[in-house]
Amino acid sequence: MKIVSVVGARPNFMKIAPFIRAVEAHNQSLAGSGAPGIRHLLIHTGQHYDDNMSRAFFKALDIPEADINLGIGSGSHAEQVGLTMIAFEKVVRQERPDWVVVVGDVNATCACSITAKKEHVRLAHIEAGLRSRDMTMPEEVNRLVTDRLSDLLFTPDRLSGENLRAEGVPEKQIRFVGNIMIDTLEAQREKAAALDVADIVNRNRMGGGGLGAVPDPGQGFSLLTLHRPSNVDDPAILGAIVDFLTNELTRELTLLWTVHPRTEKQLRRFGLWDRVAAARNMVLLTPLGYHELLRLNMDAAMVLTDSGGLQEECCVLGTPCLTLRWNTERPVTLREHGGASVLVGNDVDRIRKTCREMLQRGRTPARPELWDGKTAARIVTALAGD
């Protein structure tokens, strides 16, 4: 059996690493038996065009170098999808795989799904069935297209399976396997725990930014990531968030803010950069590697984020999480479903109120069904059996 798997951007890297290890383990289990194994090819579309960061993640997560890099790079959504389809079509026609495996919801996922089906190749989607029901999100469009085309849909939780059934997906195509992101968390937890928080902060502090001292062990700190257009593209919204952070939150707790390039650009554009750079008890950090961000999450008293992946990690680690969105495709991580996250959008009054509640709650780890670090093995078993 030949499988071609596709990654395009940073969120994919954490999801493909355990899949590759599971394929290798499957082949090793067949050694000497005479049974055919799986030939696997990794395709990197290059949608994540920062080559240094891409290489750093591959190295940190022990992902082998991609067999083919399409080098698509930046561009509009239409440009990325179109160029990826053109380039990936050549790969599919040359390799003629039995399966194309896509992960997550980036543009590469959508583009390669369409190409696979036009070339009559079976398609499997890891992390299927997630729905925010917000059609302004390009990721939601990518999810809908990919799931509609997929022959096997590997869901991370029961709620995702219900979404697919409601959309008319046949039961035989739905496989509840758990969350592959948690495979990576469990595999990398020990390595992350060995890192020193003060060292992470000092090595990644942005030049000229952040007067806050490195938090002492046991003192506690909050952690912020922010990048979605709904939060950073409107000067009134971003300004109100900055006001709350600099005038209120940092009076109670040191804030470590890992600043996304898009967010830095908008802070500078709206004249807010000097304020955050000079704020006391706020430390501005460059984008962090996987292990560094995981280490901070392990110790944080509270996380504020608009990232779906961090929602999932907070759920398992028990870190109180304010999700700066009005909807989520990961409701299983919410407190009403036993998780650690609360949706607060970008309403400062709601953020303020929930911050106080979260700091009083403390850590409450929760592990949804099959978030056990064995998802990738279940996926490979299913593919090998089909």
Side-chain angles (χ1 to χ4, degrees), residues 1-27 36-48 58 61 63-70 84-85 87-130 139 142-143 145-156 160 164 169 172-184 374-386:
M1 177 184 289
K2 182 189 287 189
I3 295 175
V4 164
S5 65
V6 179
V7 293
R10 172 173 170 164
N12 289 166
F13 303 157
M14 285 82 84
K15 297 164 190 172
I16 207 64
F19 176 74
I20 292 172
R21 286 195 296 271
V23 169
E24 291 170 349
H26 173 81
N27 287 340
I38 294 173
R39 185 184 172 204
H40 175 253
L41 295 176
L42 177 62
I43 312 301
H44 189 343
T45 69
Q47 178 184 322
H48 190 129
F58 270 56
L61 298 175
I63 303 172
E65 186 173 347
D67 296 283
I68 299 172
N69 191 317
L70 303 182
T84 301
M85 289 179 66
F88 188 62
E89 180 184 67
K90 295 181 175 68
V91 174
V92 173
R93 289 182 174 178
Q94 178 178 325
E95 298 295 339
R96 301 312 308 173
D98 298 289
W99 286 97
V100 167
V101 174
V102 294
V103 294
D105 52 24
V106 300
N107 286 337
T109 299
C110 176
C112 294
S113 296
I114 295 171
T115 302
K117 294 313 294 180
K118 284 183 174 288
E119 293 298 311
H120 311 295
V121 176
R122 289 183 294 177
L123 177 68
H125 184 202
I126 298 174
E127 203 181 66
L130 299 183
E139 297 91 343
N142 292 340
R143 293 181 203 115
V145 171
T146 301
D147 283 347
R148 181 63 184 86
L149 296 176
S150 293
D151 299 283
L152 277 181
L153 299 103
F154 294 116
T155 60
S160 299
L164 294 173
V169 176
K172 65 180 181 180
Q173 292 177 222
I174 302 171
R175 306 292 174 89
F176 172 40
V177 293
N179 189 344
I180 201 165
M181 279 280 287
I182 306 307
D183 287 26
T184 295
K374 301 176 182 177
T375 292
R378 286 187 281 266
I379 290 171
V380 172
T381 297
L383 289 169
D386 279 78

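Counting all heavy atoms, side chain and backbone alike, Ala108 lies closest to Thr45 at CB-OG1, 3.4 Å. The minimum heavy-atom distance linking Ile38 with Asn27 is given by the pair N-OD1, 2.7 Å. Of all non-hydrogen atoms in Val6 and Cys112, the two that sit nearest each other are CG1-SG, 3.7 Å. The minimum heavy-atom distance between Pro97 and Val121, with the atom names listed, is O-CG1, 3.5 Å.
Under the rule for a side-chain hydrogen bond (donor to acceptor under 3.5 Å, both in side chains), the partners of Asp147 that lie at least two apart in sequence or sit in another chain are His125, Arg131. Residues meeting the ring-ring contact (aromatic ring centres under 6.0 Å, His included) test with His40, sequence neighbours left out: Phe19. Considering only residues two or more places apart in sequence or on other chains, Arg378 meets the side-chain hydrogen bond (donor to acceptor under 3.5 Å, both in side chains) condition with Asp372. When the side-chain hydrogen bond (donor to acceptor under 3.5 Å, both in side chains) test is applied to Lys117, the partners found at least two apart in sequence or on another chain are Asp151. Under the salt bridge (Lys or Arg N to Asp or Glu O under 4.0 Å) criterion, Arg175 pairs with Asp386, not counting sequence neighbours. Under the side-chain hydrogen bond (donor to acceptor under 3.5 Å, both in side chains) criterion, Ser160 pairs with Asp157, not counting sequence neighbours. Under the ring-ring contact (aromatic ring centres under 6.0 Å, His included) criterion, Phe154 pairs with no residue at all, not counting sequence neighbours. Every side chain to side chain contact (heavy atoms under 4.5 Å, CB included) that Ala87 has, sequence neighbours left out, goes to Leu70, Ile72.
The distance from atom CZ of Arg122 to atom OG of Ser150, rounded to the nearest 0.5 Å, is 13.0 Å. Of the inter-residue distances, the one linking Ile174 atom CD1 with Leu152 atom CG reads 10.5 Å to the nearest 0.5 angstrom.
A donor-acceptor pair under 3.5 Å links the side-chain atoms of Asp183 to the main chain of Ala376, judged by distance alone.
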Return a table of donor-acceptor pairs under 3.5 angstrom between the side chains of residues 88-95 and protein atoms on other chains or two or more places apart.
from, atom 1, to, atom 2, distance (Å)
Glu89, OE2, Arg93, NH2, 3.3
Arg93, NE, Glu119, OE1, 3.2
Arg93, NE, Glu119, OE2, 3.2
Arg93, NH2, Glu119, OE2, 3.2
Glu95, OE1, Lys2, NZ, 3.0

*Do Val7 and Leu42 pass the side chain to side chain contact (heavy atoms under 4.5 Å, CB included) test, and can you show the C-alpha distance, the side-chain angles, and the key distance before you say yes or no?*
CA-CA 8 Å; Val7 293; Leu42 177 62; 4.2 Å; yes

_Checking Val103 against Glu127 for the side chain to side chain contact (heavy atoms under 4.5 Å, CB included) test, could you report, in this order, the C-alpha distance in whole Å, the side-chain angles of both residues, the deciding distance, and whether it holds?_
CA-CA 6 Å; Val103 294; Glu127 203 181 66; 6.0 Å; no

_Set out, in order, the CA-CA distance, both residues' side-chain angles and the distance that settles side chain to side chain contact (heavy atoms under 4.5 Å, CB included) for Val4 and Ile68, then state yes or no._
CA-CA 10 Å; Val4 164; Ile68 299 172; over 6 Å; no

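Side chains of Pro156 and Leu130 form a contact here, defined as non-hydrogen atoms less than 4.5 Å apart. Counting only heavy atoms from C-beta outward, the side chains of Leu383 and Val101 approach each other to under 4.5 Å. At least one side-chain heavy atom of Ser5 sits less than 4.5 Å from a side-chain heavy atom of Ile16. Contact of the Lys15 side chain with the Ile126 side chain is not registered, since no non-hydrogen atoms from C-beta on lie closer than 4.5 Å. No side-chain heavy atom of Val169 sits less than 4.5 Å from a side-chain heavy atom of Arg148.
The aromatic rings of His44 and Phe58 lie parallel to each other, their planes meeting at an angle below 30°, with 60° marking the opposite boundary.
None of Val145, Thr84, Leu123 except one satisfies the side-chain contact (heavy atoms from CB on, under 4.5 Å) rule with Ile114; the exception is Val145.
Within the structure, side-chain hydrogen bond (donor to acceptor under 3.5 Å, both in side chains) pairs that include any residue of residues 98-107 comprise His77-Asn107, Gln80-Asn107, Asp105-Arg143, Asn107-Asn142 (at least two apart or interchain).
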